[in-house]
Amino acid sequence: MSILNGLNSEQRKAAEKIDGPLLILAGAGSGKTRTVTYRIAHMVLEKGISPYKILAVTFTNKAAKEMRERVENLIGLEAKKVMVSTFHSFGVRLLRVYAAKLGYDANFNIYDADDQKKLVGRLMKELVVTNKQLTPASVVSKISKYKEDGDEPSDVAKEVYNADTRVVAAVYEKYAQELIKNNAMDFADLLLNTNKLLDDPEVLEKIQGRYEYVMVDEYQDTNNIQYQIITKIAKKHKNICVVGDEDQSIYGFRGANIRNILDFEKEYKDAMVVKLEQNYRSTQNILGAANSIIKLNTTSRGKNLWTEKEKGHLIEIFSASDGRAEADYILQEIIKGKNNGRSYKDYTVLYRTNAQSRVFEEAFLRHRISYKIFGGMQFYQRVEVKDILSYMRVINNPKDTVSLFRIINVPKRKIGAKTIEKIRDFADENEIIFFEAMGRIEETGLGSAVKVTVLRLYEMLKNIMEESQFLTASEIYDMILEGTNYMNYLTSYDEKFEARMDNVRELRTSIQEMEDSEQYEGFISVGEFLEQTALVAATDDLEEDTDYVKLMTIHNSKGLEFPIVFLVGMEDELFPSAKADFSDDDLEEERRLCYVAITRAEEKLHISHASERMVYGRISYMRDPSRFLKEIDDRYVDYINKAKVTPKKKESKLGGLNLITKADFKVDEKSPFKIGEKVTHKKFGTGIIKDVEAGKRLVIRFRDGDKKLPLVLAEKFLVKE
DNA sequence: TATATCGTTGTTTTT
DNA sequence: CAACGATATA
């Protein structure tokens, strides 16, 4: 009697295939995690494979934790020996061991988007970047793209495409050097450097030798670097099992390459492919609606999701007059449900952008409905929390100037830009790090008052650093708060200081919780704590049993399921996003996102849209219902208050992108390219020609902005679709 | 060097 | 709208 009897025939087929490449195409709600966990259990219990030899990679900590727990339920404590990890934590773990091979110390800090922006901003200032189009954020995003594609600064420098590229290349090069100097890695580095490490024969051999069986979850969302990492590890034994669903690939903007899953069989000719098509989650109507939308995607391989469940409720579509009315409708539905024996925790609100959470938050607050928002402004990113974390980061890694500059004058110590510059110069001259230069402040020739404050800060930090190995993170937190008198500083920060103080206290609680957890048994080093905070994901702390309404973006909802779902803000230019309006690839990704949203619902799905809504603090009028709404087959939906037909007069929307209108489609006979045509560029991807300037230059709207291309070059680099 | 005030700018989506 | 940066003034 095999443990696999708990699976259906297809799931079982997948779970039994242990050796060689395996592709599991797992439709939404088809028992993917069940299959994978049973597969692991089968390997360990029935095939006698050592759990140490198994590596399972997921995208979020929550998914990793769930997988670990479910394997543990099946095989007990042996489960702890299986390496279940996210890509990023797996990378960090390896990088800590082999940091030196890449010129890093083991205690490197991890930079988030905020830190990246700060550093890039600093470098742009140093390089005197005058182009106002290039903001730190935009440059960071370009650099991240390069990294996701595996392009080094030198690769970018070779491709001297235009002035912008040259500037970005220069910043990128400095940025890369600066990261090493600061002993810090950004998110992309965690993967990129892991991948580099695996080029080292010693490391590769060790990893390949250890992990004979590799599994990857959510394979449709792997980027090119993650693909390389997995390919290298699995190369020796070829026991690679990837699980995914091309219809749920929603992270293209972050470098995810849907081709990884689509081309798996080409890459591994002897791969077994198993399709899981029975859905255990949703009713027939919900599945029908989801299927009617996704079949319009050209990247969909086509699958037939089916269920034994009943037809269930029709999908209710509500047309609200404005955003407020939309929130009220949802509020009423929840109150009604609550009176009929449902709980808050049965309800989830899904939206396209984080900003949309606000109006619901206000409604729920007014009516004392308990709720929790996942994602958005993360706890660890708040100013006051980040301040304390920055102190910890300096203590963990004195080379980290991004953190050091952040806190050097917080609380106010009268250390300004001038002083920092002088200390920096001194540090450069003497080839020491900035922090050590602070300790030798006497030699800098700065004014005596400022010297005293700098030295006092240095000594405080140095003190904690020296003891830090023996101190647990909460003790270090206490020393920082005491040493800086931070709470006192907060009282005069702004009118929200009380909430800020609460957050700082909550940080203490979160350290304490980790410290007390089974994993750490009372001691967590400051480095370990920082690592945790850097790698948390929005829904990692989602608790199924707590009775609150959950609110999150559709992206954050992936992999989760909820009894009753409100899919809100279903309007063109919001969903699909206005920024996805110009290319088919983008539109298809938005459609997949819509598919993900619909398939989260188990019993009932509400979809709503509003004809007016506050956007950027102004009211946007006559908003059209989302085109995706029209794509749902009518037999699955119930319009509970059919929208008033609004006159079709397209005004140019405030803020956001102006859509290309008919008036733009004038024809320039001389040019082989016409306005409105779709073109592909090998670097920028698909775009739409917006303008043909005097027959000389094309303005093309690509995914990451408008580009101007001289006709001569255009003929060389552009391919018409 | 700190603070006050004004103007600009942006918002997809995230490990 | 709100967060952030640039500029002026103490």
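Labels below follow one simple rule: chain letters A, B, ... track the order of the sequence lines, proteins then strands, and each chain is numbered from 1.
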For atom [atom1] of [X] and atom [atom2] of [N], their distance in whole Å:
| X | N | atom1 | atom2 | answer |
| --- | --- | --- | --- | --- |
| N556(A) | dT15(B) | CG | C1' | 10 Å |
| Q220(A) | dT13(B) | CD | P | 20 Å |
| M552(A) | dT15(B) | CE | P | 12 Å |
| Y380(A) | dT15(B) | OH | C1' | 16 Å |
| I110(A) | dT15(B) | CD1 | P | 13 Å |
| Y219(A) | dT15(B) | OH | P | 21 Å |
| Q356(A) | dT11(B) | CD | C1' | 10 Å |
| L574(A) | dT13(B) | CG | P | 10 Å |

Exercise for the section: Return the 5'-most residue of the pair K414(A), Q226(A) with respect to DNA chain B, ranking by each residue's nearest nucleotide. Expected result: K414(A)
Handout entry: Residue closer to the 5' end of DNA chain B, L593(A) versus V450(A) (nearest nucleotide)
Key = V450(A)
Practice task
Look at all strands and tell whether A355(A) reaches a base, only sugar-phosphate, or nothing, counting heavy atoms closer than 4.0 Å.
Solution key: base
Practice task
Have a look at T419(A) and say if it touches a base, only the backbone sugar-phosphate, or nothing, with a 4.0 Å heavy-atom cut-off.
Solution key: sugar-phosphate
Problem - Salt-bridge contact R500(A)-D387(A) (side-chain N to carboxylate O under 4.0 Å) - result: no
Distance test, side-chain N/O of [X] to OP1/OP2 of [N], below 4.0 Å:
| X | N | value |
| --- | --- | --- |
| S577(A) | dT11(B) | no |
| N223(A) | dT15(B) | no |
| R413(A) | dA2(B) | no |
| N409(A) | dT1(B) | no |
| N61(A) | dT15(B) | no |
| T135(A) | dT9(B) | no |

Between [options], which nucleotide gets closest to the side-chain atoms of [X]?
| X | options | value |
| --- | --- | --- |
| R358(A) | dA2(C), dT3(B), dA2(B) | dA2(C) |
| R254(A) | dC1(C), dT1(B), dT14(B) | dT14(B) |
| K418(A) | dT1(B), dT14(B), dC1(C) | dT1(B) |
| Y251(A) | dT14(B), dT15(B), dT11(B) | dT14(B) |
| T553(A) | dT13(B), dA2(B), dT15(B) | dT13(B) |
| K412(A) | dT14(B), dT3(B), dA2(B) | dT3(B) |

Practice task
Return yes if some donor-acceptor pair links the side-chain N/O of E246(A) with the main-chain N/O of I258(A) below 3.5 Å, else return no.
Solution key: no
Do [X] and [Y] have a side chain donor and acceptor closer than 3.5 Å?
| X | Y | value |
| --- | --- | --- |
| Q116(A) | Y175(A) | yes |
| E361(A) | Y371(A) | yes |
| N297(A) | S300(A) | no |

Practice task
Could you measure between the two P atoms, the one in dT13(B) and the one in dC4(C), and give it in whole Å?
Solution key: 16 Å
Practice task
Please work out whether the ring planes of Y489(A) and Y486(A) are parallel, tilted or perpendicular, with thresholds of 30° and 60°.
Solution key: tilted
Exercise for the section: Please work out which of the three classes, parallel, tilted or perpendicular, describes the rings of H555(A) and F253(A), given edges at 30° and 60°. Expected result: perpendicular
Handout entry: dT13(B) pyrimidine/purine six-ring stacking with F253(A), under 5.5 Å and 30°
Key = yes
Practice task
Identify whether a stacking contact exists between F187(A) and dT15(B), where the ring centres must be under 5.5 Å apart and the planes under 30° apart.
Solution key: yes
